[in-house]
Amino acid sequence: MKNIIKRLIALLPSKRKLMQLYFALLFNANIKGFISGKIYQGTTKQVCVPGLNCYSCPGAVGACPLGSLQGSFSADKSTLYYVGGILLIYSLMFGRFICGWLCPFGFIQELLYKIKTPKLKKSPVTRVLSYFKYVVLVFFVIIVPLMYAFRDTPLPAFCKYICPAGTLEGGIGLLSNKLNESYFSMLGPLFTWKFMLMISVVVGCVFVFRLFCRFVCPLGALYGLFNKISLFGIKVKEEKCTNCGLCTGKCKLDVKKVGDAECINCGECIDVCPTKAIVWKGSGIFLHPNEIPDKNDSPAPKSHSSARLITRAVSAVLMVALLIGVFAYYWNVGEDVSPDSSIEESSQSENSEIPYGNSIGERCYEKELEIITSEGFASETVNPAKQGKITIINFWGTWCTPCVQELPYFDRIATEYTENVSVIAIHTNMVSETAPEYIRDHYPESKITFARDSENEEYYNLLGGRGTYPYTVILDENGIVKELIVKSLTYEELKQFVEGLIEQ
């Protein structure tokens with residue numbers, strides 16, 4: 001009976017596991033996204049969360065720091081300063097404390113490692129492999145994105161070719177929803193590669209502690225550079241250290257010394273230190289002290305212990321209240337968008353038996369959208385549903401690699417089929433400030449009509465957008481929806497759609 005009780009107790013999450021779970025829920029608080037299959041696109045998506053958490057996860061309420069960093073290389077300097085500043089603050093404050101306590105994908109890796117199997121222990125080979133993540137950081141996060149930025153085509157290489165967190169949280173998270181069945185049509189060899197890579201990482205984490213975190217994760221590599229000078233984490237009091245090696249022996253990671261670049265500040269080494277040389281940085285009121293007694297240290301006063309207990313209790317209550325409040329907030333803001341009064345009035349202006357909606361065969365919603373020119377935002381507007389000819393509505397963003405890569409095909413169609421086709425490229429409203437400069441540099445004389453979406457991506461959502469870009473809607477000359485396309489398009493595909501409608 002005692003053994004059974006001990007095993008049950010062993011299954012309970014530790015304080016650190018509870019913190020990991022808490023932040024995984026906090027960073028993915030848009031619970032309704034898992035039901036609707038849509039990606040949240042509100043204002044908090046402009047803020048990077050500290051850990052590796054995919055932007056495209058249906059529950060994600062913030063941006064991934066790595067994805068934001070790669071995208072910022074091709075945007076204006078203010079975006080780079082903003083993202084770089086946030087990463088610098090995270091690094092200086094926490095270092096790899098984020099990896100051990102705040103990272104959702106790190107939490108997933110540790111849960112996988114709990115599966116009962118033979119484990120691969122650390123060795124000189126794993127220590128050498130731990131340097132590979134710095135190669136990934138330099139090449140895939142910095143060099144390749146910068147190379148493409150100089151060519152004016154953003155490419156988040158790590159996110160596109162490697163990141164298993166993106167495949168698991170974003171790809172699988174979206175594809176597992178029946179409402180996103182159309183997404184399967186856009187899968188190809190790249191997704192197959194990333195899916196196989198994700199499976200390899202997931203299986204590997206069962207046998208190797210934090211496999212991805214130790215050997216591949218460039219975010220951990222970046223934070224590790226600041227580990228020694230970060231405000232939070234663990235440190236060694238050199239005057240008390242006897243170099244017994246119990247701490248590094250206890251650690252499952254490839255640390256050479258407590259607090260070095262490989263240390264995730266989990267704190268497991270504290271309790272094995274016989275001289276209390278390993279301590280937390282920061283206030284003892286918040287952080288767990290080494291409970292092994294030291295003859296040279298006097299016991300902590302009861303008032304101090306009581307203050308610590310009260311502080312922890314209050315903090316726990318506030319954290320739970322915050323989580324509940326955040327869940328409630330995103331549940332409400334995540335409601336499906338319905339037409340506002342101006343759209344409803346415009347949509348009912350014509351007497352037609354065909355209903356307005358965002359499905360094939362329905363009449364496209366009407367909306368006056370602000371036109372974007374190379375000089376900025378014009379006072380003129382455009383109504384995509386009232387062009388009187390075949391209309392291609394393309395939702396895009398300067399930050400979206402597939403969007404930018406396919407835009408020349410839309411420009412070519414707009415030029416070759418001017419008499420029969422109207423191409424309207426609608427930029428997301430969240431970061432539309434980069435659009436005028438991009439249009440001036442690349443499409444100053446284009447036949448495309450560039451416009452900006454209304455507040456909170458209203459028109460995108462009304463036309464059936466689910467949070468992924470690019471998204472294309474093709475209308476006939478009467479404004480009837482003929483195609484809904486959730487993938488990148490080639491020139492040949494666009495031409496086929498256009499000529500098919502012209503022949504009708």
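The first residue in the sequence is number 1, and the count goes up from there.
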Test the [X]-[Y] pair against the cation-pi criterion, namely NZ or CZ under 6.0 angstrom from the six-membered ring centroid and within 45° of the ring axis.
{"X": "K367", "Y": "Y459", "value": "no"}
{"X": "K194", "Y": "Y161", "value": "no"}
{"X": "R412", "Y": "Y491", "value": "yes"}

### Query
What do the steps show when you test L475 against I480 for side-chain contact (heavy atoms from CB on, under 4.5 Å), and what is the final call?
CA-CA 5 Å; L475 315 177; I480 307 300; over 6 Å; no
Salt bridge check: are [X] and [Y] linked by an N-O gap of less than 4.0 Å?
{"X": "E262", "Y": "K133", "answer": "yes"}
{"X": "E268", "Y": "K252", "answer": "yes"}
{"X": "K389", "Y": "E477", "answer": "no"}

### Task
Using the side chain to side chain donor-acceptor pair (under 3.5 Å) rule, pick out the option among N461, N177, N180 that qualifies with R466.
N180
### Task
Only one of N30, N28, T44 passes side chain to side chain donor-acceptor pair (under 3.5 Å) with Y330; say which it is.
T44
Point-to-point distance, once rounded to the nearest 0.5 Å, from [atom1] of [X] to [atom2] of [Y]:
{"X": "F209", "Y": "L112", "atom1": "CZ", "atom2": "CG", "result": "11.5 Å"}
{"X": "I172", "Y": "C54", "atom1": "CD1", "atom2": "SG", "result": "11.5 Å"}
{"X": "I424", "Y": "I392", "atom1": "CD1", "atom2": "CD1", "result": "10.0 Å"}
{"X": "F212", "Y": "I162", "atom1": "CZ", "atom2": "CD1", "result": "8.0 Å"}
{"X": "N265", "Y": "R16", "atom1": "CG", "atom2": "CZ", "result": "10.0 Å"}

### Query
Y469 pairs by ring-ring contact (aromatic ring centres under 6.0 Å, His included) with which of Y55, W396, Y460, F395?
Y460
Check: [Y] and [X] side chains under 4.5 Å, non-hydrogen atoms:
{"X": "F73", "Y": "L80", "answer": "yes"}
{"X": "I264", "Y": "L253", "answer": "yes"}
{"X": "T490", "Y": "L494", "answer": "no"}
{"X": "Q70", "Y": "C159", "answer": "yes"}

### Query
Hey, mind stepping through D254 and R214 against salt bridge (Lys or Arg N to Asp or Glu O under 4.0 Å) and telling me if it holds?
CA-CA 8 Å; D254 301 284; R214 289 164 67 182; 3.0 Å; yes
### Task
May I ask you to decide if I502's main-chain N or O and N420's side chain share a donor-acceptor pair within less than 3.5 Å?
no
### Task
Examine distances only and state if a side-chain atom of N358 and a backbone atom of L462 form a donor-acceptor pair shorter than 3.5 Å.
yes
## Note on the structure
Here the pair of heavy atoms bringing K122 nearest to C251 is NZ-O, 2.7 Å
#### Entry: Test of ring centre spacing under 6.0 Å for F94 and F232
yes
